[in-house]
Structures are given as structure tokens and as C-alpha cells.
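Worksheet for the structure shown next.
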Amino acid sequence: MQTQLKLYNSKNREIEVFEPLNPPFVGMYVCGPTVYSEVHIGNVRTFGSFDLIYRYLLHLGYKVRYVRNITDVGHLLDDTSEDRISKKARLENIEPMEVVQRYTVDFHQTMEKFNALPPSIEPTATGHLIEQIELVQTILDKGLAYVSNGSVYFDVAAYNKSRNYGELSGRNVDDLISNKRALDGQDDKKHPADFALWKNAEPQHIMKWNSPWGVGFPGWHLECSVMSTKYLGKQFDIHGGGMDLKFPHHECEIAQNKAGYDEEPVKYWLHTNMLTFNGKKMAKSEGTGVTPREMLTGNHPLLTQAYSAMTIRFFMLQAHYRSTLDFSNEALQAAEKGLKRLMVALEAIDGLPTFDKSSVDVNDIKEKLYGAMNDDFNSPIAIAHLFEMVKWVNLITDGKETINEADRSSLSTLAHTFVHDILGLQNETSNDGSEKIDGLIQFALELRQQAKLDKNYSLSDNIRDRLKEIGFEIKDGKDGTTYNPI
RNA sequence: GGUCUCGUGGCCGAGUGGCUAGGCAGAGCUCUGCAAAAGCUUCCACAGCGGUUCGAAUCCGCUCGAGACCUCCA
């Protein structure tokens with residue numbers, strides 16, 4: 001029997017049994033990208049991790065509403081009054097919304113390549129300005145924010161009198177004062193830890209809107225509070241995001257929600273870890289921000305070859321979502337080969353010879369697979385067990401183990417469910433192998449077999465090599481020859 | 001400086017107080033005309049130093065090292 005799903009709640013740093021607020025419904029909010037440029041492969045890992053979680057929850061039968069936002073309001077860069085989206089727009093001489101549109105589309109295309117399911121709702125920040133302004137007003141009315149020079153700031157000190165700012169990230173307000181780095185430059189604030197709910201816009205600022213406090217734009221943390229509440233309610237089950245968003249972003253979100261709605265918004269906080277390159281977090285500024293496009297084409301100085309989307313997905317799934325994952329050509333090549341072995345075995349299951357008895361224990365594999373996933377979505381363990389299954393399949397193929405028809409059928413269902421539905425791995429070596437192509441290859445194999453019988457090895461090797469060039473790998477087994485698309 | 005995480009074999013990466021992770025790479029064997037594929041076997045490990053324990057890579061302490069966050073960040 002499958003055990004209960006347990007997950008690591010980063011709110012209290014403990015593994016907890018997953019109990020939705022209103023089963024079978026599950027509300028899940030994940031912080032999406034800011035669409036001012038192409039996402040990099042580290043972003044793909046984050047959304048891939050949540051895709052795994054989403055898929056598994058769906059598989060367990062939950063009715064999941066998965067909300068992932070698009071941040072299309074540019075938020076401020078360091079010491080300029082310019083934001084990322086406006087800057088990009090200025091550099092490329094286009095409308096900010098063109099920037100947004102371009103990279104939103106690009107993001108969707110990318111996630112589709114990596115076989116990530118689209119969220120149920122993908123709201124945009126600019127589409128929820130009224131709600132954001134309302135929340136700012138509510139917080140102001142409660143005396144937990146103040147207006148200053150056309151901007152509105154969250155009053156951390158006032159909030160902290162009755163609440164605990166820093167509960168998620170384990171910080172306390174006093175530390176935040178004393179450790180605040182220099183160069184804040186935000187003289188409008190009463191307290192260094194205060195954060196903007198609404199920001200006054202300079203005249204040259206492009207993306208700005210009217211508000212009760214003047215022309216400006218919303219603070220970065222506001223959109224997630226507003227949109228999660230709007231679509232999932234004041235309390236919902238799961239909130240996810242990258243670890244780097246824990247502070248200040250998620251901390252501020254909690255504060256806004258509690259200040260505005262007087263509710264503990266999130267039951268389970270899930271934070272995914274970073275993809276690293278040479279042990280360091282990927283960052284464009286460090287020259288380590290590899291884009292999916294570069295990965296897929298191999299067109300990057302640090303890459304020795306191109307990697308397929310499924311290779312990359314599989315590579316990422318071989319690490320737990322809460323661990324950092326270090327990224328190298330060697331590791332990716334290992335994933336490429338491993339994935340191929342897995343997929344070949346998966347496709348072979350339905351063609352396995354059956355016997356009266358089974359020497360394999362399908363139920364045991366099943367329990368191990370669910371056990372792994374129920375243990376905080378431990379995909380690397382699940383994959384390890386899938387490779388156990390690969391071994392069984394190969395031994396049966398070699399006639400060293402046996403399986404009966406019922407077991408073969410349940411093994412096939414189990415394996416396909418885990419590989420395709422839960423891990424989201426697709427067979428990329430498209431067997432565009434229509435029956436006609438298969439017939440042609442079988443014919444070529446017959447010719448090769450005859451050549452071998454005639455000891456015409458140069459011909460048989462030539463057939464083998466040519467088929468490989470075309471994209472089919474020949475495998476001589478004990479009981480004849482088979483082939484696989486490469 | 002503050003908060004926190006982590007240090008596993010050639011590489012990536014799981015895990016647990018005593019029992020095989022797994023993938024890739026390496027070695028040997030089986031199969032084979034050769035190869036590939038597949039199978040079997042095998043080598044390589046838990047940063048260092050102490051402590052707790054019958055027993056620790058797994059718990060505690062210290063040292064060294066790495067990283068994340070404290071500012072936009074997946």
C-alpha cells in the first residue's frame with residue numbers, strides 16, 4: 001500500500017504529511033518569471049521541479065489549480081530609475097509590452113519543449129493593478145503602511161508589533177536594521193526594512209499607472225499576494241518558488257497577506273534549489289547563465305555538444321529538487337546515455353515474452369516507486385528503481401528471468417505512468433517509424449542477415465553503418481536482430 | 001558582518017545509526033565474424049580531528065572548505 005505523501009515545508013523546516021485544506025482540491029501558486037529576457041536553464045529547473053510536483057499531485061487524483069504568474073511590471077534596477085523591461089524596450093526601441101509579449105511567448109515555447117504542463121491560470125501583474133491598488137489601500141487603512149513622497153511603504157515595525165516579520169526566512173527585524181547593506185538610497189522609508197507597496201514613478205519612467213498616491217507602479221511583492229488570493233483564496237495549500245525568493249519576496253508576501261487579509265495565507269511553502277555551474281549559482285552577470293536555446297543547440301563556449309530537452313529534464317530529475325545540482329558536460333552526457341537506456345527498456349516491455357510464472361515482483365517495484373515519490377517527491381530514488389526495472393526487462397529479454405502476461409501488463413502500465421505521466425519524459429527519438437519504414441528496415445536486416453550467412457561481412461557491416469547514419473541502431477541479439485531509432 | 005545550507009567513490013547524485021543507492025566512466029567475462037547492444041562480475045566513498053554509542057559516512061562539537069540569502073534574482 002502506498003504511504004501518504006509527505007513534503008518538506010520550508011515554513012517550519014520539517015517534513016509533513018500533505019493534507020490539503022479542501023480535498024480533493026489543491027491550490028498551488030508558483031512565482032513565475034519576469035519576462036524581460038530569455039529564461040535561463042536555471043529557471044527551467046525551477047519550473048521543471050514544480051512540474052514534477054504538479055504532475056504527481058494530479059496523478060494522485062487531486063484537482064489541482066496551478067497558478068503561475070508572469071511578472072510583466074518592470075521592477076527597479078539598482079540605482080537608476082529604470083526597470084528591466086523598460087530598459088530592454090529602450091535598448092531595442094520597442095514598446096515595453098512588446099518585450100513582455102516576446103519573452104512570454106518564448107517562455108511558453110521553452111516550457112513546452114521541456115514538456116512542462118501549462119498552469120491552470122497564468123495571471124499577469126499588469127492585469128491585476130486594480131486589485132493591487134486595493135490591497136495597498138487596505139494595508140494603509142489598517143495602519144500598517146504609510147505614504148511618503150508618492151510612494152507607499154509597508155511599515156515593518158508596526159506590523160511586527162503583532163506579527164512576526166521574518167518567520168519564513170528566520171530573520172528578525174533588529175538584524176535587518178543593523179545588517180542592511182549600505183546604499184539603500186531610499187530616504188523615503190521610515191525603517192530600512194520597510195519595502196515598497198507602491199512606488200512613485202519618475203517622469204521618464206515608462207511603465208506607470210495612476211493611483212490614489214500619484215503616478216507610479218506596484219511593488220514587486222504585491223502581485224503575488226493579490227493574484228494568489230484572487231485565484232486560490234486567502235488561504236491555500238502550496239506556494240512555491242526558487243530558494244532565492246524566500247527573502248525578501250516570500251517574506252513580504254506573507255506580511256502583505258496577513259496585514260491585508262488577516263489570514264495565514266500558505267499551508268506549505270516549497271522552495272526549489274538552484275542549478276549551479278562549477279559550483280556557483282547561474283547568473284547572467286557571471287557569464288554562467290546558459291539559455292535553453294544554447295543548451296539545445298550546443299552553441300555555448302562551455303558546452304561541448306547539444307543536449308536534448310529530455311536529456312536535460314532527465315538530468316534535472318536525477319537530483320532532488322531541494323538540492324543544488326551542478327551542471328557539467330560530463331554529467332549531462334551521463335544523463336543522455338542513461339535516459340536512452342531507460343527509454344529503450346520502457347519500449348521493450350510490451351514485447352517481452354510471457355511465461356506461466358513471473359520471477360519478478362512488480363508490486364515491489366510499484367511500492368518502491370510510490371514510496372520514493374511520496375517521500376517529498378524524491379525523483380532520483382524513483383529513477384534508481386526504474387533502472388532496477390530496466391535490469392529486469394533486460395534479463396527477461398535474455399531469458400534469464402520470466403514474467404507472466406498479467407505482470408507484464410501491470411509493469412507496462414506502471415512504467416509508462418511513471419516515466420511519461422509523472423516524470424514527464426517523452427520519447428524524443430520519434431518512431432516516425434510508420435509501418436512502411438519498419439518494413440524497409442526489416443528488409444535491410446534480412447539482406448544483412450543473408451550477407452552474414454554468405455560471410456560477406458563488408459556488405460553486412462555496410463548495411464549496419466548506413467542504417468546508423470540514417471538514424472537506426474542495430475542490435476544483434478540471441479534470437480535475431482532488432483533496431484532502435486537513435 | 002548577520003542568517004542559513006552543504007562537503008559522499010573518476011564525474012553527477014541518493015540515502016540511512018549496523019544491511020546494494022542509481023546513472024555515466026573504468027576493468028574482466030558471456031554473447032558475436034567484428035562491433036554495437038544486452039547480461040554477469042568487479043574497482044573506487046562518505047573533508048579533517050575529537051566525542052556520544054556495542055556500532056557512525058549517518059548524532060554532537062571543533063577545524064578547514066564551498067555555496068545561498070541579507071539588493072533584482074528561479
Side-chain angles (χ1 to χ4, degrees), chain A residues 13 30-34 36 39-50 71 74-79 83-84 166 169-172 174-176 178-185 193 220 240-249 271-276 279-285 289 314-315 318-320 322-339 341-342 344-345 348 372 375 378-388 390-391 393-395 397-401 452 455-457 460-461 464-465 468 473-478 481-484:
Chain A
R13 295 179 199 161
V30 172
C31 292
T34 303
Y36 69 94
V39 292
H40 60 64
I41 201 70
N43 299 292
V44 172
R45 185 189 180 199
T46 297
F47 301 123
S49 295
F50 286 109
T71 297
H75 294 286
L76 282 184
L77 292 164
D78 283 343
D79 47 358
D83 67 71
R84 292 181 188 283
S169 56
R171 286 156 215 263
N172 68 64
D174 293 337
D175 284 349
L176 288 171
S178 52
N179 297 320
K180 201 76 179 173
R181 281 186 194 166
L183 178 79
D184 214 345
W220 172 43
M243 286 223 176
D244 49 355
L245 296 183
K246 204 169 177 182
F247 188 91
H249 184 56
H271 287 99
T272 57
N273 218 135
M274 303 289 106
L275 183 66
T276 61
K280 297 205 171 148
K281 178 184 170 183
M282 258 198 202
K284 285 184 182 175
S285 55
F314 181 68
F315 165 71
Q318 278 188 301
H320 186 85
R322 281 192 288 115
S323 300
T324 55
L325 169 60
D326 203 47
F327 167 87
S328 67
N329 282 289
E330 206 175 353
L332 282 162
Q333 283 159 8
E336 185 173 53
K337 291 186 182 174
L339 174 64
R341 201 155 86 84
L342 175 64
V344 167
D375 182 15
N378 200 326
S379 56
I381 294 289
I383 289 171
H385 293 310
L386 285 172
F387 275 105
E388 247 174 65
V390 168
K391 200 167 183 176
V393 170
N394 292 330
L395 285 170
T397 305
D398 278 10
K400 292 177 180 168
E401 299 286 349
K452 283 169 73 172
K455 299 205 188 304
N456 186 351
Y457 295 124
S460 68
D461 289 354
R464 181 173 68 199
D465 295 343
K468 189 166 186 178
E473 183 173 59
I474 301 308
K475 298 200 285 192
D476 290 327
K478 258 186 171 173
T481 302
T482 56
Y483 70 91
N484 285 108

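Here the structure is a predicted model, which is why all the values come from computation and not from measurement. Note on naming: letters A, B, ... go to the chains in the order of the sequence lines (proteins, then strands), and numbering restarts at 1 for each one.
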Next item on the list: Find the distance A:M243:CE to B:rA68:P and express it as a whole number of Å.
Entry: 13 Å

Note to self: Distance check needed: B:rA68 C1' versus A:D244 CG, whole Å only.
What the structure shows: 9 Å

Next item on the list: Could you work out the separation of B:rU41 and B:rU20 based on their P atoms and round it to a whole Å?
Entry: 14 Å

Checklist line | Atom-to-atom span, CZ of A:F387 to P of B:rG23 - whole angstrom | finding: 6 Å

Margin query: Judged by each residue's nearest nucleotide on RNA chain B, which is more toward the 5′ side, A:K337 or A:G42?
Written below: A:K337

Check: Reading nucleotides 6-18 of chain B from the 5' end, what letters show protein touch, with B for base, S for backbone sugar-phosphate only, - for no heavy atom under 4.0 Å?
Finding: -----SSSSS---

Margin query: Tell me every residue that passes ring-ring contact (aromatic ring centres under 6.0 Å, His included) with A:F50, counting only those two or more places apart in sequence or in another chain.
Written below: none

Check: Rounded to whole angstrom units, what separation is found between the CZ atom of A:F247 and the C1' atom of B:rC72?
Finding: 14 Å

Next item on the list: Could you provide the dot-bracket string of RNA chain B, using ( ) for intrastrand pairs, [ ] for crossing pairs and | for bases paired to another strand, with Watson-Crick or G-U pairs below 3.5 Å?
Entry: (((((((..(((.....[...))).(((((.......)))))....(((((..]....))))))))))))....

Next item on the list: Taking side chain to side chain contact (heavy atoms under 4.5 Å, CB included) as the test, write out the residues that go with A:S328, two or more places apart.
Entry: A:E330, A:A331

Margin query: Can you list everything that forms a side chain to side chain contact (heavy atoms under 4.5 Å, CB included) with A:N329? Sequence neighbours excluded, please.
Written below: A:L303, A:T304, A:Y307, A:Q333

Next item on the list: Write down the distance separating the C1' atoms in B:rC72 and B:rU58, rounded off to the nearest Å.
Entry: 39 Å

Note to self: According to side chain to side chain contact (heavy atoms under 4.5 Å, CB included), who are the partners of A:V390, at least two apart in sequence or on a separate chain?
What the structure shows: A:R341, A:L342, A:A345, A:F387, A:N394

Note to self: Using the C1' atom as the point on both nucleotides, what is the distance between B:rC40 and B:rG55, in whole Å?
What the structure shows: 34 Å

Next item on the list: Pick the P atom in B:rC6 and in B:rG17, then give their distance to the nearest Å.
Entry: 15 Å

Note to self: Is there a side-chain contact between A:K281 and the phosphate of B:rA68, meaning an N or O under 4.0 Å from OP1 or OP2?
What the structure shows: no

Margin query: Please report the distance separating the C1' of B:rG65 from the corresponding atom of B:rA47, rounded so that it comes out in whole Å.
Written below: 8 Å

Margin query: Assess whether a salt bridge exists between A:K452 and A:D476, defined as any Lys/Arg side-chain N lying under 4.0 Å from an Asp/Glu carboxylate O.
Written below: yes

Check: What pairs with A:H249 under ring-ring contact (aromatic ring centres under 6.0 Å, His included), at least two apart in sequence or on another chain?
Finding: A:W220, A:H221

Notebook entry, point to check: How far, in whole Å, is B:rG15 from B:rG22 if one measures between their P atoms?
Noted result: 15 Å

Item checked: Closest-nucleotide ordering on RNA chain B, the 5'-leading residue of A:G241 and A:G170 -> A:G170

Check: Counting any heavy atom closer than 4.0 Å, what does A:H271 reach on the DNA or RNA strands: base, sugar-phosphate only, or nothing?
Finding: nothing

Margin query: On a heavy-atom basis, which atom in A:M282 and which in A:I41 lie closest, and how many Å separate them?
Written below: CE-CG2, 3.0 Å

Margin query: A:D244: which residues meet the side chain to side chain donor-acceptor pair (under 3.5 Å) condition with it, sequence neighbours left out?
Written below: A:K281

Margin query: What is the distance, to the nearest angstrom, from the CG atom on A:L339 to the P atom on B:rG23?
Written below: 14 Å

Checklist line | Test item: A:S323 side-chain N/O and A:A319 main-chain N/O as donor-acceptor pair under 3.5 Å | finding: no

Note to self: Just the rounded figure in Å: distance from P of B:rG67 to CE of A:M282.
What the structure shows: 16 Å

Checklist line | Any residue meeting side chain to side chain contact (heavy atoms under 4.5 Å, CB included) with A:A348, in chain and number order, not counting sequence neighbours | finding: A:V393

Item checked: P atoms of B:rG26 and B:rG48, separation to the nearest Å -> 28 Å

Note to self: I need a per-nucleotide contact map over nucleotides 35-42 of chain B, read 5' to 3'. Cutoff is protein heavy atoms under 4.0 Å; write B for the base, S for backbone only, - otherwise.
What the structure shows: BBBSSS--

Check: Quick one: ring-ring contact (aromatic ring centres under 6.0 Å, His included) partners of A:F315, sequence neighbours excluded?
Finding: none

Next item on the list: Taking atom P in both B:rC49 and B:rA56, compute the distance separating them and give it to the nearest angstrom.
Entry: 14 Å

Check: Which part of the nucleic acid, if any, lies within reach of A:Y457 when heavy atoms closer than 4.0 Å are counted: base, sugar-phosphate only, or nothing?
Finding: base

Check: Excluding sequence neighbours, so at least two apart, what forms side chain to side chain donor-acceptor pair (under 3.5 Å) with A:K391?
Finding: none

Notebook entry, point to check: Any side-chain donor-acceptor pair under 3.5 Å between A:T324 and A:N273?
Noted result: no

Item checked: Nucleotide B:rC4, atom P - distance to CZ of A:R13 in whole Å -> 7 Å

